[in-house]
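Heads up, the thing below is written out as structure tokens.
Chain A is the first sequence line, chain B the second, and so forth, proteins listed ahead of strands; every chain is numbered from 1. Fair warning: this is a prediction, and the values are worked out from it, not measured in the lab. Heavy-atom basis, side chains included; hydrogens, waters and symmetry copies ignored.
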Amino acid sequence: MTDADDVENLMRERLANPFLVLAVAPSASAAEIERQGQRLLAELAAGLDGARRYETPLGMRERTSELVRSAIAELRDPARRLGHEWWARGLAAAVAV
Amino acid sequence: MTFGSGIHVGIDLGTSNSAIALFDGESVSVVANAAGETLTPSVVRIDGRGGRTVGRRAHRALDGDPANTRAEWKRLMGTAERLPFAAAGAALLPEELSAAVIASLLADVRDAAGFTPRAAVISTPALFELPQNHATARAGRLAGLEEVVLIQEPIASAIAAGWRADQEKDRKDTWLVFDLGGGTLDVSLLETDDGRLRVVDHAGDNFLGGKDIDGALVEWAAGALARRGGGDLRADRATARGRRMLARLRAACEQAKIELSRAERASIVVPDAEGDGQPDAGELEITRGDLEALTEPFIARSLAAVRVLLAKNQRGADDVARVVLVGGPTLMPGLRARVGELFGGRIAAGVDPMTIVARGAALYAGSVGLDATPAARAPAPAAGLPVRIEHPSVTADLEPFVVGRCLPGAGQTLPERVRIEREGDDGGWAGADAALSPEGSFVLQVRLERSRRNRFAVRAFDRGGAEVALATGAFAIVHGVSIGDPPLARAIGIARADDTTRVYFAKGTPLPARRTFAHHTVRPIAARSDDDALAVPIVQGESMRAHRNRLIGMLQLRGVERDLPAGSRIEVTLEIDRSGQLATRADVPGTGQTFQDVAFVLVPTASVETAERELGATNRRAAEVQRRTFQLGIPAAVQAIADVSAVLADADRALPAARAGDADAAQKLHRLLMDANNALDDAEALLEWPDLDAEARRCKLTYTPMVAQWGTPAEQQLYEQELEAAGAARQRNDAADLELHLDAMRALGRAAYCRDPHSMADAIDWAAAHVTEAMDVAAAASLLDRARALQAQNPFADGAGGGLRALRAIVAEIWELFPSSPELQARSFDSGIR
């Protein structure tokens, strides 16, 4: 049984929540998300240190341009965005427990 | 990422015709070939001396010299099918023929623009799978391109049609791109929202195109000629003369079809050019009505694909603001009228259906900053302080961020401030400035003028206010439709030994993408053995059942430096770039080794005998699934198999031509069988729904108390969310989503279970009873001894929990030694990991 790894894999998926990756609130507008995403992509491409990690309820994780692009695309889809909003609020609640 | 002086190249590599377009940041132009035409026929001829002819001249040889001239190979991309050229004694792969066409298009750019492009965006059908995309990218590189980026044809069409459209209106619109090419139909639903373009979904048919319409027309004409007593050309396929006459008839039919786009009637003239004294095959008259009657089944089939796509996305025809027609066959008035009827005449005007894809591909090359000019390869070094400026090339955002970083060399110091000014500004924007951070970076927001290319100058100043010369002082941003990264057409993942799929990239994931997950080996691997390899199968498809997906690649872990026990951790990384190239690596922390040689699986080209057997088996399977479907009375399953009988009938029809050696027909037969089996898989998944539903209830009852008692607070919260999401998936009858959440619930439940001291005792007792079934009995026995010894020390009484943690680790190791069932492993492409 690979319980610890299964949970770690699960965390990798859930902590790659687009709102966490982009560091925007679940209530952010589409334009805000797009602008923040482009800003982070530019910062990562320019090698700015501050852009390389993002905060999650369970600690800092590595931020990559793939994650940022994926986050932008996920949040462009209204149905997927709803799901991510729900997870983002739940993850925030997990810390409060 | 500079956009200032670059030229961007887009290529539409079509089944019948190809085109190349250039985008200079302001406008797009289609490059004409040496004959002055914007379309180059995708035809290659190789003569007896090995001389190659591409395009119109080769097309002319199609009927006169069919043994040395090849066309319409696009459907075979990604297969190992070599197409022979008799006189030269050569046989080329489909991507090698595509490379010849691309090289010809690049030469046209060289003649017209004075440089040979080093990079280009090439379009591919939306339904192309990874091996087909891989072959297309390879064709580009064989033609001399250093960088190749792929884009799906419907997205390219939408970009070209929507470029700078509606940006003033800031409104949300749904578009439909109806792309009927020579060999494929792609129907895509797109959405523009505030200048951002998104692909909502697409559907299509890999075996419906102009070629099928031409085929029907040839059949009609040959039949009509035979009825006149002129002999049946179809009966003479076996002779070289017969094939030449049929090729001539095909060319005449194609010409008549084009004429009928403008006229009510046309003639099909089939001359006898053999000079052997045989009479002319004859002349026929065909009316537009005749052609419409002939094409009706194909039009109906294509409109059915449109309706399915709309229904799947809960939209009606009235929700579509505009329809973009793409491809030569859409010039047929009958087809335009039928599409117009469905959508109330809302067909986008001013769109050239023949070159729109190439134009869109060039625009996309601009949006990803893919500069085709040789200067992009080696920019001339400039004097001054080097500064890296990052910004979007094209954006719908009127106030995007620009990020810069100064990179001082020896003897250079960082300036204190930077300023960005818009060139040619009429005073509407005063520019922006910022102090540099200690790492020499700055982040500034600039303001764009709508629907134009905005050029900016960057200036830097030292403490005293004196200007510092910069090596890069200018950049440009185009305000236009903001295009997302190309989405992955089908999910990609790893098949695990228990026949489940670890999804790495869901359908729609933007490319490029990279992800890493931890896995464990299910059996030991012997050190330094070339024979003992552990398979990591890479699959493409949406099913959580690995065997229902398509195997596209295989990574083999072979030649490990020391014996690797079962249960060894491996970290597998999958990476796909914008050209659809898949790279895979497996890191084995236990040995410090990395494996990354992936064997790519080609689109299978089964022998006709195999396909014939498979057709029989699929027919029997279809009958069985149909019986179970009606027995259980699940309406969704009935719907899933609704088209299977028609697909199998198509396969039956393709069989005679495949038997006669037509490679294209054989490939079509294989694809149709795959489509039928996919539909049957879907139906079976629905039939299994009651079992999955029961499994969901079991998981909830089993794991909820475990997680409540032994899970960490974060795990408990996560579990609650997974449970709720699983409930929602059950409500929607969404099997794939439910399986994902059940998987997560199991992972969290098992993690909690392992913390329960009593469950650990149960696990040790179970392992002891089944130790002879372990993959490595000696290792399992040794671990059990250690576990028993720890148990004897009563680790539960250890206040710090150190003994318990050690026991937990041993139990986890023991579990790794128990195999998945051999049947499951075989179904999952013999996967060696879980």
Side-chain angles (χ1 to χ4, degrees), chain A residues 1-16 29-51 57-58 62 64-74 76-80 83 86-87 89-97, chain B residues 1 193-194 196 198 200 388-392 395-397 399-405 437 439 441 443 482 484-485 487 502 508-510 512-520 567 569 575 713-718 720-722 725 743-744 746-748 750-751 753-754 763 811-812 815-816 834:
Chain A
M1 212 184 282
T2 60
D3 319 298
D5 289 327
D6 281 347
V7 172
E8 167 60 18
N9 284 343
L10 190 61
M11 290 296 180
R12 279 183 196 183
E13 283 181 296
R14 298 296 179 232
L15 296 180
S29 70
E32 284 167 345
I33 287 166
E34 207 77 20
R35 183 175 288 169
Q36 171 71 354
Q38 294 303 330
R39 175 186 178 148
L40 287 169
L41 285 175
E43 289 184 356
L44 284 166
L48 268 58
D49 281 342
L58 300 174
E62 186 192 2
T64 62
S65 54
E66 286 90 357
L67 270 182
V68 173
R69 272 196 299 270
S70 178
I72 299 171
E74 286 290 305
R76 276 184 175 187
D77 183 330
R80 289 198 193 199
W86 183 74
W87 277 106
R89 294 199 175 98
L91 285 166
V95 183
V97 173
Chain B
M1 222 204 227
D193 184 6
D194 201 10
R196 284 179 293 277
R198 181 175 78 88
V200 177
R388 181 168 183 166
I389 302 168
E390 297 293 338
H391 56 85
T395 180
D397 187 355
E399 293 185 24
F401 282 102
V402 172
V403 176
R405 185 169 192 179
S437 74
E439 62 178 337
S441 63
V443 180
S482 184
D485 290 305
R502 154 58 68 189
T509 300
R514 185 182 57 190
R515 293 196 85 177
T516 302
F517 285 113
H519 296 267
H520 286 76
R569 180 185 168 105
E575 189 168 2
E715 285 170 358
Q716 287 168 358
Q717 178 64 30
L718 208 54
E720 281 302 314
Q721 287 202 264
E722 296 289 357
D743 221 24
R746 285 187 204 106
L748 292 162
R750 285 196 304 251
Y753 174 78
C754 282
V811 169
W815 275 114
E816 289 296 336
R834 60 180 166 195

Measure across Trp86(A) and Gln721(B) and return the closest heavy-atom pair with its distance rounded to 0.1 Å.
CH2-O, 2.9 Å
How long is the gap from [atom1] on [X] to [atom2] on [Y], to the nearest 0.5 Å?
X	Y	atom1	atom2	value
Gln38(A)	Phe401(B)	CD	CZ	11.0 Å
Leu48(A)	Arg405(B)	CG	CZ	6.0 Å
Arg69(A)	Arg514(B)	CZ	CZ	10.0 Å

Quick one: which of Ala16(A), Ser65(A), Ala42(A), Ala30(A) has the most heavy-atom pairs under 4.5 Å with chain B, could you say?
Ala42(A)
Considering only heavy atoms and a distance below 4.5 Å, find which of Ala46(A), Ala31(A), Ala73(A) pairs most often with chain B.
Ala46(A)
Tell me, side chain or backbone of Ile72(A) under 4.5 Å from chain B's heavy atoms, or both, or neither?
neither
So which part of [X] gets closer than 4.5 Å to some heavy atom of chain A, the side chain, the backbone, both or neither?
X	answer
Arg198(B)	side chain
Ala725(B)	both
Ala513(B)	backbone

Arg39(A) (side chain) donor-acceptor with Val443(B) (main chain) under 3.5 angstrom
no
Does the Arg35(A) side chain pair with the main chain of Glu399(B), one donor and one acceptor, at a distance under 3.5 Å?
yes
Contact leader toward chain A among [options], where contacts are heavy-atom pairs under 4.5 Å:
options	value
Glu715(B), Glu439(B), Arg388(B), Arg196(B)	Arg196(B)
Pro512(B), Ser437(B), Gly404(B)	Pro512(B)
Leu748(B), Val200(B), Asp397(B)	Asp397(B)

Glu34(A): which residues meet the side chain to side chain donor-acceptor pair (under 3.5 Å) condition with it, sequence neighbours left out?
Arg76(A)
